[in-house]
Amino acid sequence: MAESRRTHTCGDLRIEDAGKDVVLTGWAASVRDHGGCVFINLRDRYGLTQVKADQAVTPEAFAIAASVKPESVLRIEGRVVDRGSNRNPNLPTGAVEVEVVAVEVLNASKPVPFPIVDDVDASEVTRLTYRYLDLRRPVLARNFALRSKVCRLTRDYLDDQGFLEIETPILCKSTPEGARDFLVPSRVHPGMFYALPQSPQTFKQILMVAGFDKYYQIARCFRDEDLRADRQLEFTQIDMEVSFATPELLYDLIEGMLATIWKGVFDIDLPRPFPRMPYAEAMETYGCDKPDLRFGMPMVTITDAVAASGFKVFADVAARNGVVTALKVPDAESWSRKDLDGLSKVATDNGAKGLAWFKIGAEEWTGSAAKFLTADEKAAIATRTGAGTGDLLLVVADDAGPARQALGAVRLKVGDRLGLRDPTKWSFLWVTEFPMFEWDAIGQRPTAVHHPFTSCVPEDLDLLETEPLKMRARAYDVILNGTELGGGSIRIHRRDVQARVFKALGLSEESARTKFGFLLDAFEYGAPPHGGIALGLDRLIMLLAGASSIRDVIAFPKTTSATDLMTASPSEVDTAQLRELHLEIK
RNA sequence: GGGGUGGUAGUUAAGUUGGUUAUAACGCCGGCCUGUCAAGCCGGAGGCCGCGGGUUCGAGUCCCGUCCACCCCGCCA
C-alpha cells in the first residue's frame, strides 16, 4: 500500500466532508462484525471515527477488516459518506463514516489486559504496569493535552510580562534544611555526592543578584519523602522570582497568571483580587493553613463558655489553657450514629482524643455529653455558635493545635458529606502573615515554616534573638479549594540578616558557611531586594482536570511505595557500576 | 515508622457456620449474522484463590508471618 500520509485525524471528519477520499490512521477501538459487513471504531488522540467495510463492495478489505484485533494499528483508505438515519449523536464525527476501500494492519495487537475506555475498572496496578495502554484512554489523554496547554499559557503570560526562562542545575549541593535529599554519588570525587534539587530556590536568588530581574522556570523538583495521592517524589513547579518585588506585585502577577489560565481553559473570568486571610485566622476558624472556602462553616472557639462546665473534659482543657472549638452543622437531625462515629474517627485520626457532639432538639439537647451541660452553658454555646433547633454541634477539646486541626479535618468531611466541595467551583485565597518559625520538638530548635531565606515583617526583626516564634514572615500561600497551589515570600537579601536567621535556626556559622557560603557571598555584591513564588503544576492540573490523584496528570508516576511498575524501578545495579562510584551495599 | 482497606481466571468481582467438580460478567478461541455504536446469538477453553508457615480428617474461608496496591497520620523548608 502506498505510503501516503493520513489526510485527517480520527476527530476531524464532519458532514461537510462527505464525498471526500481520505486516509486515516489509528487504533481499532472496537470491531463489530455483522457477517456481511464490519464496523471499526478507529481511535487516535483526536477522536473516534467509524469505518465500515462491506463484503459485497470490497471483499478483500472486508476480509482484512473482519479479522482485525482490538488495539491493532490500522491505516484506512476510503470515502467519507453521510450516515443518514444511522448517525451517532454521541460522537463529534458521528454524522459520517468512512467506507473502506483498503485496510492495512500496520501492527496487530495482542489482547489487551483491560479495555481502553474512560470508565476503566482495571486496578491501578494493572493500569500502571501497562501505562501506555492507560494513557490511550481518552480521559487520561485529555489531561496531558490540558497540561501542555497550561504550560503554554504560562509561558506566554510570563513572556508577555518580560520574564526570562532560565534553567538551573539538576545536580546540586545537598542542603541541611527541608526535605530529605536524593543523593547522586560522584564518580570523580570519591565519597562525595550531589543532591537533586528540592527546588531551584538558591539558584533563582543568585539569578536576581546577577541582574535577571524576572526569572521563571517550569522546574522539576525532587523530595525523598513518603508519597500521597497529591505527592510524588519528583514533581513540577512553575517557579518565579522577581527583583524589587513586593507582596502586592506578586499577588497581582500570580492572579493574572491564574486568570489567564482559567480564561484559556474554561473561558471564565476569575474574580480579582483574590481574598486574603492571615494565617492565625485560618488556623482558628478553619483549623488549617489552606482553608477550603467553597463552603463557610467556620469553627467557633467556645472555651470560656464551658470553662466551668460540669463536663470534665471541657473544664480540664480550659484549665490548662487548651481550646474548646465547635462546628455547627445546620439541619442535621437525620445524621445517624454511624455518621457521627465516622466523624469521630476522622477527629481521632487527626490527633483529637475524641469528638463530642450535640444534637439540638426542640425540647432538649442529645448527644455524647449533653447531660453534663447546664442550661446556661447550652445557652452560651448556642449564642456563640448561632446554633438552633435541628442543628448539630461538633466539639473538640484539646491543646489549641491538635483541637483545631482535628475539627478542621472534621469540617472537610462534613463538607464532603453535604456535597459542598463542588469540583467545578473555584475558590481562591491568599493566606498571609505566616509565622517565621515553628518549634521542632525533636530537634529542640526553631525551624523555618517556609524556608530559611524568607524575610520577616520588618518590625518583627528585633524578635529574632529573643522571641523568634512570635515573628511573622513576609510569606504567602495561594490556596485553591483547600489545596495549597503554591507559596512564596519576599526573601532576605542582606548577608547580616541571613546570617542571623541561620543562627536562629541552629546552624553554626561554620556550617552556614559550608552549606550556603555562595549565597552569603553573593549578597555582598549588590543583591537586590527580591521575592518570588512557586506553584505546584501537578496539583494545578489535577484541580483543572477534576482528577482525584496526581498520578492521573503525570505521564509516568510512581506508586505510594515509590516504585515504577512499568519499568520496575528502582532496581539493583552491577557491582562494576558501584565500584566506579566508590560505593558498597551493606 | 503507625493506622485502615484490598489481593480468587487475561480483567473486574461473588464465594454462606471450614465440607462434593471454586461461580459470574467482560475479554479470549470456534461458529452464525449486512446498520452496529464497548453490536447480537450459540458453543468452548481458561485457576499456585498474592506468597510462606500453622490449626484441622478437610482451608479461598480460621491463626501467624510476609509481599504488593490504595487511603490516612507521621514526614513533605
Side-chain angles (χ1 to χ4, degrees), chain A residues 28-41 43 48-57 62 66 69-71 81 83-91 93-94 97 110-130 133 175-181 198-199 201-202 221-233 235 345-346 348-352 402 405-406 409 412-413 434 436-438 440-442 446-454 473 475 484 487-489 501 505 507 534 536 548-549 551 558-563 565:
Chain A
S30 78
V31 181
R32 302 182 294 280
D33 183 355
H34 286 245
C37 78
V38 59
F39 298 99
I40 296 177
N41 281 353
R43 182 194 61 238
L48 211 61
T49 298
Q50 172 163 294
V51 301
K52 179 196 176 190
D54 193 318
Q55 190 168 29
V57 182
F62 169 81
K69 304 300 173 195
E71 295 310 318
V81 299
R83 284 178 64 173
S85 58
N86 289 314
R87 293 185 182 180
N88 183 346
N90 302 316
L91 285 182
T93 61
E97 65 190 0
K110 294 208 307 187
V112 286
F114 56 89
I116 311 302
V117 293
D118 279 352
D119 53 344
V120 71
D121 59 359
S123 73
E124 209 161 347
V125 177
T126 313
R127 289 176 46 202
L128 289 175
T129 306
Y130 300 93
L133 298 178
T175 54
E177 293 284 322
R180 192 177 296 113
D181 277 329
Q198 297 178 25
S199 84
Q201 183 61 36
T202 50
C221 305
F222 305 85
R223 295 177 190 175
D224 188 6
E225 298 291 348
D226 288 346
L227 296 85
R228 287 290 158 75
D230 63 350
R231 273 173 20 198
Q232 285 272 308
L233 300 178
F235 59 99
K345 187 167 184 322
V346 171
T348 51
D349 282 351
N350 283 276
Q405 191 201 329
L412 292 178
K413 195 75 185 175
F434 275 81
M436 230 3 218
F437 305 105
E438 61 195 347
D440 173 16
I442 298 163
T447 55
V449 168
H450 188 55
H451 59 52
F453 316 107
T454 302
E484 181 194 330
S489 61
V501 168
L505 289 168
L507 211 59
S548 55
S549 163
R551 293 185 295 274
K558 295 191 173 45
T559 67
T560 49
S561 64
T563 63
L565 295 176

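These figures come from a predicted structure and were not determined experimentally. A note on names: the letters A, B, ... follow the listed sequences, proteins ahead of strands, and every chain is numbered from 1.
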query = Counting side-chain heavy atoms from CB outward, which of B:U34, B:G1, B:C76 is closest to A:D226?
reply = B:G1
query = Taking OP1 and OP2 of B:U36, is either one under 4.0 Å from a side-chain nitrogen or oxygen of A:R32?
reply = no
message = Rounding to an integer number of Å, can you tell me how far A:E124 CD sits from B:A69 P?
response = 11 Å
query = For the pair made of CZ in A:F114 and C1' in B:A9, what is the distance, rounded to whole Å?
reply = 18 Å
message = Which nucleotide wins on minimum distance to the side chain of A:T559, given the candidates B:G35, B:C70, B:U34?
response = B:C70
inquiry  = Between B:G35 and B:G30, how many Å separate the two P atoms, rounded to a whole number?
reply    = 23 Å
request  = Would you mind classifying the nucleic acid contact of A:P452 as base, sugar-phosphate or nothing, using non-hydrogen atoms under 4.0 angstrom?
outcome  = base
P atoms of B:C49 and B:G44, separation to the nearest Å = 25 Å
B:G54 versus B:U61 - spacing of their P atoms, nearest Å = 14 Å
ask   = Looking across every strand, which nucleic acid part, if any, lies under 4.0 Å from A:T126 by heavy atom: base, sugar-phosphate, or nothing?
value = sugar-phosphate
note = Here the pair of heavy atoms bringing A:H451 nearest to A:S489 is CE1-OG, 4.0 Å
Results of ring-ring contact (aromatic ring centres under 6.0 Å, His included) for A:F437 - residues two or more places apart only = none
ask   = At under 4.0 Å, does any side-chain N or O of A:T560 touch on OP1 or OP2 of B:A69?
value = no
Which pairs, protein N/O on one side and nucleotides 29-33 of chain B N/O on the other, fall under 3.5 Å?
| from | atom 1 | to | atom 2 | distance (Å) |
| --- | --- | --- | --- | --- |
| B:C29 | OP1 | A:K69 | NZ | 3.3 |
| B:C33 | N3 | A:D33 | O | 3.3 |
| B:C33 | N3 | A:G35 | N | 3.3 |

inquiry  = Considering every strand and a 4.0 Å limit on heavy-atom distances, what is the contact class for A:S123: base, sugar-phosphate, or nothing?
reply    = sugar-phosphate
request  = Determine the contact category for A:A29: base if any of its heavy atoms lies under 4.0 Å from a base atom, sugar-phosphate if only primed atoms, P, OP1 or OP2 are that close, otherwise nothing.
outcome  = nothing
inquiry  = Without decimals, in angstroms, what is the distance between A:L91 CG and B:A39 P?
reply    = 12 Å
task = Would you please confirm or rule out a distance under 4.0 Å between OP1 or OP2 of B:A69 and any side-chain N or O of A:T563?
result = yes
query = A:S561 near the nucleic acid: base, sugar-phosphate alone, or nothing, with a heavy-atom cut-off under 4.0 Å?
reply = sugar-phosphate
ask   = Would one find a side-chain N or O of A:R551 under 4.0 angstrom from OP1 or OP2 of B:C71?
value = yes
Just the table, please: protein N/O against nucleotides 22-26 of chain B N/O, every pair under 3.5 Å.
none

request  = Take the protein atom CG of A:L412 and the nucleotide atom C1' of B:C72, then report the distance between them rounded to whole Å.
outcome  = 13 Å
inquiry  = Between B:G60 and B:G18, how far apart are the two C1' atoms, rounded to whole Å?
reply    = 11 Å
inquiry  = Using a distance-only criterion (donor-acceptor N/O pair, under 3.5 Å, no hydrogens), is the base of B:C37 paired with the side chain of A:R87?
reply    = no
ask   = Considering only the C1' atoms, how many Å lie between B:C62 and B:A9, rounded to the nearest integer?
value = 25 Å
